[in-house]
Amino acid sequence: MSRYITRLRMRRTYKWNGRPVGEDRKLKRQYYESMSISVEGKTEDATVSLGQYILIEGDDDDNPFVAQLLKLYTDDSGKKKTAVLQWFVRMCEVPQNKRKLLGRDPHPQEIFFYQDRSCDNEVDGETILGAVQIEYVPVQDPFPVGKSRDILFVKLLWDTKSFRALDPELMQPSQSPKSPPPSSRGPQTRALPTPDPSVMKRAMSGILTRGSMSTGKMSSSEAESLHSASKLSAAKALSAKRRSQAVSGPQVRKKLDLCSPSKNMSRDDVLGELLDERSEKTLTSKLNTSPTGRISISIRLTPLNLNKEECVSPLSSHSPDKPRMTAHDKDDAASVFLGVQPIEDDDPEPLINTGRTPRKREATPRRAGLRGLKARTPSRRKDSAALREPALAALAEEEHEDSPINTAATSRSKRKSAQLVSSRIKKQLNLLGNKIGLQSDGEDGDDDDCFIPSKIDLQSSSDEEEEAKIDSEDELIVKKHRGSGTSRSTEKTRVSARTPRKTPSKKTAPATPRTPRHATPSIPSRTAPARKPGNVLEEARARLHVSSVPESLPCREQEFQDIYNFVESKVIDGTGGCMYISGVPGTGKTATVHEVIRSLQQSAEQDEIPHFRFIEINGMKMTDPHQAYVQILQKLTDQKATPDHAAALLEKRFSAPAPKKETVVLLVDELDLLWTRKQNVMYNLFDWPTRRNARLVVLTIANTMDLPERIMINRVASRLGLTRMSFQPYTFKQLQQIITSRLNRVKAFEEDALQLVSRKVAALSGDARRCLDICRRATEICEHSGSQKNSSGLVGMSHVMEALDEMFSSSYISAIRCASVQEQLFLRAVIAEFRRLGLEEATFQQVFVQHQALCRVEGLQPANVSEGLTVCQRLGSCRLLLLEGSRLDLFLRIRLNVSQDDVLYALKAD
Amino acid sequence: VQDRCGCVLMMLCDGVCVQAQKLLRERLCHQKLPDQPVGLDSQYKHLLELLRRTAVHGESNSVLIVGPRGSGKTMLLGCVLRELMSLKEAQKNVLLVELNGLLQTDDKIALKEITRQLHLENVVGDKVFGSFAENLAFLLEALKKGDKSSSRPVLFVLDEFDLFAHHKNQTLLYNLLDVSQSAQTPVAVLGLTCRLDVLELLEKRVKSRFSHRQIHLFSSLSFAQYLDVVRAQLSLPPDFPDPKFSDEWNHSVTKLCEDKTVEEILRRNFNGSKDFRSLHSLLFLAVSRVSVSHSTLREADLIEAWRLISVDSKANVLHGLSILELCLIIAMKHLNDTYDGEPFNFQMVHNEFKKFIQRKSHSIHKFEKPVVMKAFEHLLQLELVRPVDSGVCKVQREYQLMRLMLEHGQVMEALQRYPQCPTDVKQWALSAFG
């Protein structure tokens, strides 16, 4: 919900105001009271001073961090400006799982006093965006209604565990005479009445800057901008670029208004028009009001409900110029955007106060006040409309018959005429008794229910028009969604369109609506629930299945501890790092890491360590190494992008500085599959953690111990570092322990049987999966044999032996034993021919001669060539023989795939 | 009146005969699953039990069915699935996905096919058939969503399993087996293959995820059992509409199996291969000879069928050669004998042939060299002779090295059977040296 006019993407310069007020010689610091922020291309400077509430640039553009400025100092060189802050958190910054602790829906403008010592309270002074207004509301009081959407309310305190009532004294610095509003100064100051920020925003969207043009998206409403987080991030990337290129000019939100007539206005145009408007306006307003006075007053008016009545009449008098008011508003907004901060009017600083008298403040131009009021109402309406819009539009589009769908332009014109009529009617009503007609504007019909009726509804066509635009565009968006999706997806859109309103943070909220492609299919559910295991053996089998999650992971305590310490230290320090874990398959690498993460998450729940995100990718579960970027990005931010784009976004994310960023723990399974010729995927994965601001911990898993040396080029291997760990294959004791702990006192196995299995597996591979599978098979064998003779019912040696035989004995011998007579003879012929030649390879012709001779010896009718070839091919398809060049016919080359001894053994025993 | 009666009887008999033939053909052409797989009882039980647990308990499993070609892997699976689906509990729950390594030649196609067979594509319109990566992520997500107790189990049947192992990175196998080893949607991965070394094809990570459960289909039938099977396969069932006909037929089959020549033929076939597919092709030929005029199966039918089946493929080609071409083949055979299988060229063959004409022949014309060359090229076309190295074409045709693609015995047999073969040619062929 970006309505912070302070959030401007432009180059700022920061300057100290006045002389240092104090100095710390030991630390070589110089303290200052205030700092002025000048925005390039603007003439006005904004000032932030101690005790004031400010906005800090964060990774979420729409919700910059809020804090109170406590100290400002510079280091010795005077270059680096540091600010010491008291943080406030928004609801969206509170971890998702803690939000319900609040016990009520948070007010959209609500923030919380943040009390957490672990959080760094020093930030770079140059991340300050500007000032913001915060009001303390006592706990029992309701939130004030009808205040500017710009004001944030503090009611409670959040100490990372719970919400508590906030002691007003903590807010003390703010209770005392407010810090000075950095109102506009300078030669060209032309402060205008501050309209509601949302109106301004809308107005601003009329102006297209280069940057936002290039995004080329028509995301007009907030709903839209929230819809597509990718656009948002694209805009972010652009704005970052812009910053680096030192672009001057009004930076505008990502919101573009297609139907706005002033679409292509440059800044100068705006200014020019602004001047015109001003001259026009001065006719209606008192000419002598100083700009500064006007702005402060307009703001003060906002919270006041007194002027309402008086404001009505001027409205009617202004009706002739109503269609133009859009422009007015826009320009006003623009001017505010150019650097004016909406803050309270109490200005202790004489510097700013000059040229303003209380008298002048009193002499509020009515229109200005009126505007302030009237602008507020529609903004709320708009919000609610946007909130409802997708859903309602999806359900009943007919309601919008007055806002045609085809083009925004036509809708606008039609709408306008309709509006004019209705507004005229309303005016009449207003004149009669301005408390009746307020609902009649609910032409949109759809937002009536959530429109909070204020006492006076000053329906100006400009507002209507704005709204019409938004309506129709919202509708377009919805239509887009509908067009591409099923009704189901629309439903999703509705839900998700609503959620981001409450929790607009990109970090936490699943802001991206699920487009059809995101639709998550699932295997249909079964009609009857699966049957539960009935007897001991079935129970044991269920517990022994590899998929069942064990209560604990025995035998990997050391590795667990090492990984735990590594990740924990990185999370606590807020640094990054890489770790490489190797081991043959089935030694519990992935399971151990998961266990570590589980217990870390538990301690994060209990606030022993800071929160972190866990992301897992698997080299085998992607089709191409570059898909790794896509998957990471999707799991991190839930947005979809092409691999290249995703790489760029991640690059930005991990290199951009942002206070209060969560640590990300990334598990990369089957690392060797991410190998590319240039190795750029691996390089990036290991390079990000080394960035200063990345806070990324990468755990990589692969099978070979020396993978870094074998396949990685030096710069990649060097970044991976030497934090390595090797999982040894399980020993038989460990395997035995694993089975025992899995069975967990379900008595199904004889001790000896368990030992046999674990010894056998340990000798072969040390693969725990194998061990479990054999045990499982043994229970099956036991079950079948148990029905025949009544034994102990336990899995005994014989069953295990049988299972082992099944799994490990080579099938070649039994295959040879079960082969037909001719096949056996042919194998014999092959060996005979090999012996004759002294080679391990022979042609079919040679073997066939031997074969015929053997047939005669055995008293069988010799086979002809075709039959011989059939026999040979059949043996080849089983891979008892290896055949090469089958098109060579008689000269087919034959080799044995089994050792000669095995063949002779198999044939002899027959 | 009697005539008419006879006619009706004929018609009736005709109908019965066609019916019997149809029934047997169905049986022999694998169009119908047998009631019970022969000699595979333990495997049948094992597989059924395994699949039943997947279907009923939601236990994930993976299994390979290994056996030589024609050993009845698909038949076994078909029978098991038939019984599984007859269980009420399983019928509604189990989803079946059938893939074949010869059809789904890479993972992309296989994924699409899986999505299609699981009817997931209508969840998302046609969008799912986007990129391979999306498709994989889509399917994995779908499978991940499910859990043991509430999702319908999915049976993945991978025919020609070994071919899936050749796919890039074995992504499909890894993911399927990984699902089978983790707490996701219950799946059973059934691989059918004839390769005994299939496990060695699997990558170590994939192999570790496979449960190593293998069901081998090796037939250990004795000849007596084999004969029983033949009898059973040829017999008409007791519920055959015309009991008189079926009695007669069955009686004739029993008699047939006791016949010495028939037994000899069957034994040869049994020695060649134990699988039923070769038996079926033999019996099919025999059954096809049954007609209204002789409505019982006789030994002559079987002998004729065997003759057709066992005939050497090249012998037929040799029968169609001219005398000159046959002479050239004999010359080549002598060259092979003389030089112990070393390759030869046309010139050598021609010389050998000339020697024969000059010294021994009385009946053969003295052909011009181009004519002989023509005959030689014809043999080349029939691929009875093949150039040694097709890569080198610079050599003149006469001097290009060739190999004879015939066995000694094949040549001699062809000579024996050649109609009106001149005696001197035969003698020449039999003589030790040209």
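As the structure is a prediction and not an experimental result, all values here were calculated from the model. Just so it is clear: chains get the letters A, B, ... in the order the sequence lines come, proteins before strands, and each one is counted from 1.
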Item to check | Heavy-atom contact with chain B under 4.5 Å, split by part of A:Leu772 | outcome: neither
Checklist entry - Contact part of A:Val849 toward chain B, heavy-atom cut-off under 4.5 Å: side chain, backbone, both or neither? => result side chain
Item to check | When B:Gln184, B:Glu49, B:Arg209 are compared by non-hydrogen pairs under 4.5 Å with chain A, the top option | outcome: B:Arg209
Checklist entry - Do you know which of B:Gly58, B:Ser60, B:Ser278, B:Gly409 has the most heavy-atom pairs with chain A at a distance under 4.5 angstrom? => result B:Ser60
Checklist entry - Looking at B:Lys314, B:Arg403, B:Lys207, B:Lys45, which one has more heavy-atom pairs under 4.5 Å with chain A than the rest? => result B:Arg403
Item to check | B:Ser310 and A:Glu867: CA distance, side-chain angles, deciding distance, side chain to side chain contact (heavy atoms under 4.5 Å, CB included) verdict | outcome: CA-CA 7 Å; B:Ser310 65; A:Glu867 284 171 318; 4.0 Å; yes
Checklist outcome for this item: Residues B:Leu136 and A:Lys621: closest non-hydrogen pair is CD2-O, 3.4 Å
Checklist outcome for this item: When the 4.5 angstrom heavy-atom criterion is applied to A:Ala803 and chain B, the contacting part is neither
Checklist outcome for this item: Of the listed B:Gln214, B:Arg268, B:Arg69, B:Gln410, the one with the largest count of heavy-atom pairs under 4.5 Å with chain A is B:Arg268
Item to check | Which portion of A:Phe808 sits near chain B, non-hydrogen atoms under 4.5 angstrom | outcome: neither
Checklist entry - For A:Glu670, is it the side chain, the backbone, both or neither that has a heavy atom under 4.5 Å from a heavy atom of chain B? => result both
Item to check | Evaluation steps, side chain to side chain contact (heavy atoms under 4.5 Å, CB included), between A:Phe826 and A:Gln850 | outcome: CA-CA 8 Å; A:Phe826 196 86; A:Gln850 292 279 351; over 6 Å; no
Next on the checklist: Heavy atom to heavy atom, less than 4.5 Å: which residues from residues 622-631 of chain A reach chain B?
Outcome noted: A:Met622, A:Thr623, A:Gln627
Checklist entry - Going through the checks in order, is the side chain to side chain contact (heavy atoms under 4.5 Å, CB included) test met by B:Asn61 and A:Arg776? => result CA-CA 11 Å; B:Asn61 279 309; A:Arg776 222 152 53 86; 3.3 Å; yes
Checklist entry - Does A:Ser785 reach the main-chain N or O of A:Cys782 with its side chain, forming a donor-acceptor pair under 3.5 Å? => result yes
Next on the checklist: Is it the case that the side chain of A:Asn703 and the backbone of A:Gly583 share a donor-acceptor pair, with hydrogens and angles ignored and the cut-off at 3.5 Å?
Outcome noted: yes
Checklist outcome for this item: Okay, A:Val871 and chain B: the region with an atom under 4.5 Å from a heavy atom over there is side chain
Item to check | Residue among B:Gly67, B:Pro68, B:Ser273 with most heavy-atom pairs under 4.5 Å to chain A | outcome: B:Ser273
